[in-house]
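Input: a single structure, listed below in structure tokens.
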Amino acid sequence: MSASQSISELLKSAGLDEKTIKIYPESIHDCGNGKIAMARDENSKFLLAVAPSIRQLPEGLEGDLLTASKTGIAVMKAPLTVANSKVLRRCFAWTNPVSLRNYSTTIGCGDRLGLASAGHLMAVKNRKVCPVLAQQSIRELNLTGRNYEQVVADAVFAVFECDYRQPFGADGDHLKNLDDIEMALKAGMPMITLDLSEKLCVAAAEYDRDKLNAAYAELPETMRKLLESEYKDKDFILSSGKDAVKIDFDTLKRCVLMYRHALDFAGEVNEFLRKKCGEHFDLEISIDETSFPTLPSHHLFIARELRRRKVEFTSIAPRFIGEFQKAIDYIGDLEEFRKQFKIHALIADTYGKYKISVHSGSDKFAVFPSVGEFTGGYFHLKTAGTSWLVAVELVAEKNPGLYRKMHRCALENFNDMLKLYHITADLKRIPDPETLSDRELPDLMQHPDARQLLHITYGPILGNEAIRKEFFRTMFEEENYYNEKIKKHFEKHLDKLGVKKIK
């Protein structure tokens, strides 16, 4: 009996109406003596399992049992819960997130809604890139009311639905302490983005000469001697053979004072991850959450010191020159960015060929060609809010009244959200949605200020119960359209980055 026949008979035997139940064809899989697939009706998505008897249904699967009295066939309609995602992960090994440390090109596909992963997979499935489907920060969890287990579960269901058999990752993003790291690991996230911002001595970046010398002199003499022998007034030739980074004595002092505690903590986290995961983890070192760019000399110092401490990192996220603001393209001197980014990429190539990570990478189309070119494809790009904005644009197209409610909610909460996100949107430049026709509303998502407004206010919008209910209903009804919009948007990212198609 073919898979399609078994599903058809499944529906008939359970007395289910084939006209109201949609089976996702790529999700039909053998499971023991039965079959399991992703399905949806007019109200929700769910797993549909069929087996010759109740005892032969997947162990641990929870849901409503529908047994056909004449045939004795057991049918279960199982909701998309964390518990049921774990059943899939046990039965189908390829639905588990894995370490991507051995893959050169990776892209973080942050999904604040738990709805975007199918579209992401449609975009990457024929490309030379590995997706990190489950990527969330603690801030995003708090604002969306989700937890790491739910985030991973949503990615698992999408992988199963699309029959995606290639490696994919899951990232506990911008974590700052061991408790949060352990929480992400327990949920099945092999990638940890370690945010070192709270461990940096930011003030040392502005020390005058006297204060710099005094603070450095207080450090242990053995430490100073070791570091001076390694770095003082030295030129470090990079892998190109033509480029070099110089670290003079003052730069060394500043680097030591700024980064030593952060580097020690990175070593502590590395040991923690090794004990928990063995070799199966990806550690990203994030130093991008600062108000000043990461100079190439500082990047080189950090990379060498991480290596000296035997930290097994797969990527480093510097703070690049210019502005990487949420929801909009790069702001800054592109030529200067290219010059500095080239050196950052050469440092990564010289000291272990790790990936350069670009944070707030959504929609930074102006810099993508440089990222792809100078890294030779060794990069990680983080995106998150852009998939939310694709959903907002969809709502503007398909449910204009709801969009206007969302826009009003965004305006009411904008100032509060500015405490969490750095953007420079000018609300006065945004057209009033009440003066626009329904047909004109989607164009607001091409307006930089409107994009930033809606980008940072997702928390209050989703926290409004009336808006939330109508929003998710609209997204459910427009599932296929959302997938296609996500696919198209991410293909544009991949094209600009130079990610090749698989022939």
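Every heavy atom of this structure was used, including side-chain atoms; hydrogens, water molecules and symmetry mates were not.
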Q. Can you name the closest pair of heavy atoms from Ile486 and Ala116 and give their distance?
A. CG2-O, 4.0 Å
Q. Val152 and Met189: side-chain contact (heavy atoms from CB on, under 4.5 Å), yes or no, with the steps?
A. CA-CA 7 Å; Val152 172; Met189 292 182 140; 3.7 Å; yes
(Q) Between Asp243 and Leu238 (side chain of the first, backbone of the second, donor and acceptor by atom type, cut-off under 3.5 Å), is there such a pair? (A) no
Q. What closest approach, in Å, do Leu196 and Ala262 show between heavy atoms, and which atom pair accounts for it?
A. CD2-O, 3.6 Å
Q: For Trp388 and Leu454, indicate whether the former's side chain and the latter's backbone hold a donor-acceptor pair under 3.5 Å.
A: yes
Q. Should Thr106 and Met191 count as side-chain neighbours, where that means a heavy-atom distance under 4.5 Å?
A. no
Q) Atom CG in Asp329, atom NZ in Lys364: separation rounded to 0.5 Å? A) 7.0 Å
Q: Check the side chains of Ser99 and His280 for a donor-acceptor pair under 3.5 angstrom, ignoring hydrogens and angles.
A: no
Q. So which pairs with a foot in residues 259-272 pass salt bridge (Lys or Arg N to Asp or Glu O under 4.0 Å), sequence neighbours left out?
A. Asp264-Arg309
Q: Test Met475 against Tyr482 for side-chain contact (heavy atoms from CB on, under 4.5 Å), laying out the working first.
A: CA-CA 7 Å; Met475 295 302 296; Tyr482 184 50; 3.5 Å; yes
Q. Should we count NZ of Lys234 as having more than 12 external heavy atoms under 6.0 Å?
A. yes
Q | Reported CG-to-OG distance for the pair Leu381 and Ser357, which is rounded to 0.5 angstrom | A | 7.5 Å
Q.
For Asp495, is there an ion pair with Arg127 - N to carboxylate O distance below 4.0 angstrom?
A. yes
(Q) In terms of relative ring orientation, are Tyr421 and Tyr458 parallel, tilted or perpendicular, with 30° and 60° separating the classes? (A) perpendicular
Q. For the side chain of Arg451 and the backbone of Gln446, is there at least one donor-acceptor N/O pair under 3.5 Å apart?
A. no
Q. Which atom names give the shortest non-hydrogen contact between Ala37 and Ile23, and what distance separates them?
A. CB-CG2, 4.1 Å
Q | Tyr148 side-chain N/O to Gln136 backbone N/O, donor-acceptor pair under 3.5 Å | A | yes
Q. Can you check whether Lys326's main-chain N or O pairs, donor with acceptor, with Gln452's side chain at less than 3.5 Å?
A. yes
Q: Might you point out which heavy atoms bring Ser44 and Phe476 nearest each other, and give the distance in Å?
A: N-CZ, 3.4 Å
Q.
Quick check for you: to the nearest 0.5 Å, what is the distance between Ile316 atom CD1 and His380 atom NE2?
A. 14.0 Å
**Q.** Under 3.5 Å side-chain donor-acceptor pair for Lys382 and Thr193
**A.** yes
Q.
Can you tell whether the side chains of Arg308 and Glu305 come within less than 4.0 Å, N to carboxylate O?
A. yes
Q. Under a 4.0 Å N-O cut-off, is there an ion pair linking Glu284 with Lys355?
A. no
**Q.** Aromatic plane relationship, His359 with His174 - under 30° parallel, 30 to 60° tilted, over 60° perpendicular
**A.** perpendicular
**Q.** Student check: side-chain heavy atoms of Val82 and Lys86 closer than 4.5 Å
**A.** yes
Q) How far does CG of Asn33 sit from CD of Gln56, to the nearest 0.5 angstrom? A) 4.5 Å
Q: Could you label the plane-to-plane angle of the Phe337 and Phe324 rings as parallel, tilted or perpendicular, counting under 30° as parallel and over 60° as perpendicular?
A: tilted
Q. Below 4.5 Å, heavy atoms only, C-beta onward: do Ser104 and Tyr378 meet side chain to side chain?
A. yes
Q) Counting heavy atoms not belonging to Phe313, are there more than 12 under 6.0 Å from its CZ? A) yes
Q | OG-NZ distance between Ser197 and Lys199, expressed to the nearest 0.5 angstrom | A | 10.0 Å
Q: State yes or no: are the ring centers of Phe365 and Phe368 separated by less than 6.0 Å?
A: yes
Q) Do Ser370 and Arg338 have side-chain N/O donor and acceptor atoms under 3.5 Å apart? A) yes
Q | Note, Glu140 side chain near Arg146 side chain (heavy atom, < 4.5 Å) | A | no
(Q) I want to check a possible cation-pi pair here: Lys275 against Phe272, using under 6.0 Å from ring centre and within 45° of the ring axis as the test. (A) no
Q.
Are Thr294 and Asp288 packed together at the side-chain level, in the sense that at least one heavy-atom pair is separated by less than 4.5 angstrom?
A. no
Q: Measure from the side-chain N and O atoms of Arg89 to the backbone N and O of Val156, and report whether any donor-acceptor pair falls under 3.5 Å.
A: no
**Q.** Residue list, side-chain hydrogen bond (donor to acceptor under 3.5 Å, both in side chains) with Lys496, at least two apart or on another chain
**A.** none
**Q.** Exam field: side chain Arg224 to backbone Leu219, donor-acceptor pair closer than 3.5 Å
**A.** yes
(Q) To check you understand the geometry: which heavy-atom pair defines the closest contact between Ile321 and Pro293, and what is its length? (A) CG2-CB, 3.9 Å
(Q) Could you check whether any side-chain heavy atom of Phe379 comes within less than 4.5 Å of a side-chain heavy atom of Val499, counting everything from C-beta outward? (A) yes
Q. Do the side chain of Thr350 and the main chain of Leu346 share a donor and acceptor less than 3.5 angstrom apart?
A. yes
Q: For atom NZ of Lys246, decide whether the heavy atoms of other residues, nucleotides or ligands shown that lie under 6.0 angstrom number more than 12.
A: yes
Q | Salt-bridge criterion met for Arg40 and Glu479 (N-O under 4.0 Å) | A | yes
(Q) Please verify the inter-ring angle class for His120 with Phe490; under 30° counts as parallel, over 60° as perpendicular, anything in between as tilted. (A) perpendicular
Q: Would you check if the side chain of Gln135 reaches a backbone N or O of Thr383 as a donor-acceptor pair within less than 3.5 Å?
A: yes
Q.
Could you check whether any side-chain N or O of Arg101 sits under 3.5 Å from a backbone N or O of Phe281, counting only pairs where one atom can act as donor and the other as acceptor?
A. yes
(Q) Counting C-beta onward and ignoring hydrogens, is there a side-chain heavy-atom pair between Val129 and Leu497 closer than 4.5 Å? (A) no
Q.
Nearest 0.5 Å, please: how far is OG1 in Thr386 from CD in Glu393?
A. 9.5 Å
**Q.** Passing option when Leu194 is tested against Val311, Leu273, Ile181, Asn270 for side-chain contact (heavy atoms from CB on, under 4.5 Å)
**A.** Ile181
Q: Kindly indicate, with the supporting measurements, whether the criterion salt bridge (charged side-chain N to carboxylate O under 4.0 Å, His left out) is fulfilled by Glu484 and Lys488.
A: CA-CA 6 Å; Glu484 287 297 329; Lys488 182 178 179 181; over 6 Å; no
Q | Verdict with reasoning, Ser297 to Phe236, per side-chain contact (heavy atoms from CB on, under 4.5 Å) | A | CA-CA 9 Å; Ser297 56; Phe236 295 88; over 6 Å; no
Q) Centres of the His344 and Phe374 rings: under 6.0 Å? A) no
Q: State, with a plain yes or no, whether a side-chain heavy atom of Asn84 is found less than 4.5 Å away from one of Leu88.
A: no
**Q.** Partner set under side-chain hydrogen bond (donor to acceptor under 3.5 Å, both in side chains) for Lys225, not counting sequence neighbours
**A.** Glu221
Q: Write down the atom of Gly114, the atom of Asp154, and the distance for their closest heavy-atom approach.
A: CA-OD2, 3.5 Å
Q) Is the CD atom of Glu279 crowded by more than 12 outside heavy atoms at less than 6.0 Å? A) yes
